[in-house]
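First comes the structure, then the notes that go with it.
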Amino acid sequence: MKIISVQNSKGGVGKTTLAINIAKYLSMGCNSKTILYDADPQRTAYDWHCIKEDKSFEVIPIDNPKLLESSIEKGDYNYVVIDNPPAMSQFFITSIKLANYLVVPVSSSAFDIWGLSSLIDTINMISKDFSIIFVHNKIIRNAKIGNEIREALEKIEINKKNSVHEVLFRQSYPKSSLLGETVFDTDDSHAQAEIEFIVDEILNN
């Protein structure tokens with residue numbers, strides 16, 4: 001079982017959109033029984049799931065970190081994706097400790113980079129080995145700040161294996177989400193490739 005925790009203590013960075021697209025792509029492979037736990041109080045992932053009730057993976061709302069831990073222990077899944085609350089909390093800590101991979105979306109803002117300090121401090125205090133994937137999200141093509149954000153992410157001092165991936169601002173992400181779909185239900189091959197690169201990082205490590 002591989003456990004992927006998608007989290008950032010700042011809201012509005014595209015955390016849920018990444019979580020549902022990652023879960024969808026994971027569910028498309030062989031031997032790929034997948035579940036997404038929606039721990040965000042807004043229940044956006046669960047609401048998304050209810051639009052069309054995509055049967056390729058489960059989406060379960062959950063609001064108790066101990067229940068999350070016991071559910072994962074009892075579950076029979078190849079992949080678990082956790083969409084976390086946008087706050088530093090016990091859920092946040094539990095999810096980090098459970099995860100094999102931490103996906104951290106960051107949008108193109110200096111405030112987002114500054115806001116990572118508490119998360120990085122927490123990660124550096126956890127002795128468990130896991131990998132971190134920073135996702136520079138919602139990039140505006142040719143914007144100068146995009147390069148500056150990537151450079152800042154690459155310079156973060158962290159004691160875990162980490163990498164940086166990029167996801168451009170594309171209409172296919174919000175449009176597909178509104179329909180209860182993912183970019184894999186669209187003809188946007190570029191958006192699909194962005195998610196595939198992130199997941200391939202997970203599958204190959």
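Reckoned from all heavy atoms, side chains included, excluding hydrogens, waters and symmetry mates. This one's a predicted model, so the numbers in the text were calculated from it and none came from an experiment.
Of the possible polar contacts, none joining the N124 side chain to the D121 backbone as a donor-acceptor pair under 3.5 Å is found. The backbone N or O of V183 sits less than 3.5 Å from a side-chain atom of N21, completing a donor-acceptor pair. Counting only distance, with no hydrogens or angles, the side chain of S27 and the backbone of K24 share a donor-acceptor pair below 3.5 Å. Under the 3.5 Å distance criterion, the side-chain polar atoms of N137 are left unmatched by any main-chain donor or acceptor of V106. At least one donor-acceptor pair under 3.5 Å links the side chain of K15 to the backbone N or O of N84. D40 places no side-chain N or O within donor-acceptor distance of the main-chain N or O of D83, the cut-off being under 3.5 Å. Remark: side-chain polar atoms of T94 are not paired, donor with acceptor, to backbone N or O of F91 under 3.5 angstrom. For K160 (side chain) and I123 (main-chain N/O), a donor-acceptor pair under 3.5 Å exists by modelled atom type.
Contact annotation: the side chain of S95 never approaches that of P65 to less than 4.5 Å [non-hydrogen atoms, C-beta and beyond]. Using a 4.5 Å heavy-atom cutoff, the side chains of Y79 and I22 are not in contact. Looking at heavy atoms from C-beta onward, T17 lies out of side-chain contact with T182 at the 4.5 angstrom threshold. Side-chain contact between P105 and V6 is present, with heavy atoms from C-beta onward closer than 4.5 Å.
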After noting the C-alpha distance and the side-chain angles of S176 and D185, does the key distance pass the side chain to side chain donor-acceptor pair (under 3.5 Å) rule? CA-CA 7 Å; S176 61; D185 300 299; over 6 Å; no
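With rounding to the nearest 0.5 angstrom, the CD1 atom of I62 is 7.5 Å from the CD1 atom of I72. Put simply, CD on E181 and CD1 on I20 are 10.5 Å apart, with the number rounded to the nearest 0.5 Å. Considering CD1 of I4 and CD1 of I82, their distance stands at 9.0 Å, rounded to 0.5 Å. Atom CG in L26 sits 15.0 Å away from atom NZ in K33 (nearest 0.5 Å). Going from atom CD1 of I96 over to atom CD1 of I126 covers 4.5 Å, rounded to the nearest 0.5 Å. Annotation: the span from N78 atom CG to S32 atom OG amounts to 6.5 Å, rounded to 0.5 Å.
What you find for P61 and R43 is that their closest heavy atoms are CB-NE, 3.2 Å. Here the shortest heavy-atom pairing between L153 and H136 reads CD1-CB, 4.1 Å. The two residues H165 and E201 make their nearest non-hydrogen contact at NE2-OE1, 3.4 Å. Taking each heavy atom of M1 and G75 in turn, the nearest pair found is CE-O, 3.7 Å. Here the closest non-hydrogen pair linking V164 and E154 is CG2-CG, 4.0 Å.
Under the 4.5 Å side-chain contact rule for hydrophobic residues, I198 and I3 do not share a cluster. When hydrophobic clusters are built by joining Ile, Leu, Val, Met, Phe, Trp and Tyr residues whose side-chain heavy atoms come closer than 4.5 Å, directly or via intermediates, I60 is grouped together with L67. In the hydrophobic cluster analysis, where Ile, Leu, Val, Met, Phe, Trp and Tyr join through side-chain heavy atoms closer than 4.5 angstrom, I35 is grouped apart from I202. V103 and L168 fall into different hydrophobic clusters, where Ile, Leu, Val, Met, Phe, Trp and Tyr side chains are chained together by heavy-atom contacts under 4.5 Å. A continuous path of Ile, Leu, Val, Met, Phe, Trp and Tyr side chains, each step under 4.5 Å between heavy atoms, connects I195 with M28, placing both in one hydrophobic cluster.
Residues forming a salt bridge (charged side-chain N to carboxylate O under 4.0 Å, His left out) with K2 (at least two apart in sequence, or on another chain): none.
Summarising the local packing, CZ of F197 is surrounded by 12 or fewer heavy atoms from other residues, nucleotides or ligands at distances under 6.0 Å.
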List the atom pairs, donor and acceptor, that lie under 3.5 Å between side-chain atoms in residues 127-135 and the rest of the protein, sequence neighbours left out.
| residue | atom | partner | partner atom | Å |
| --- | --- | --- | --- | --- |
| K128 | NZ | K97 | O | 2.5 |
| K128 | NZ | L98 | O | 3.1 |
| K128 | NZ | A99 | O | 2.7 |

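Applying the ring pair (Phe, Tyr, Trp, His ring centres under 6.0 Å) rule to pairs touching residues 25-56 yields Y25-F184, W48-F57, sequence neighbours excluded.
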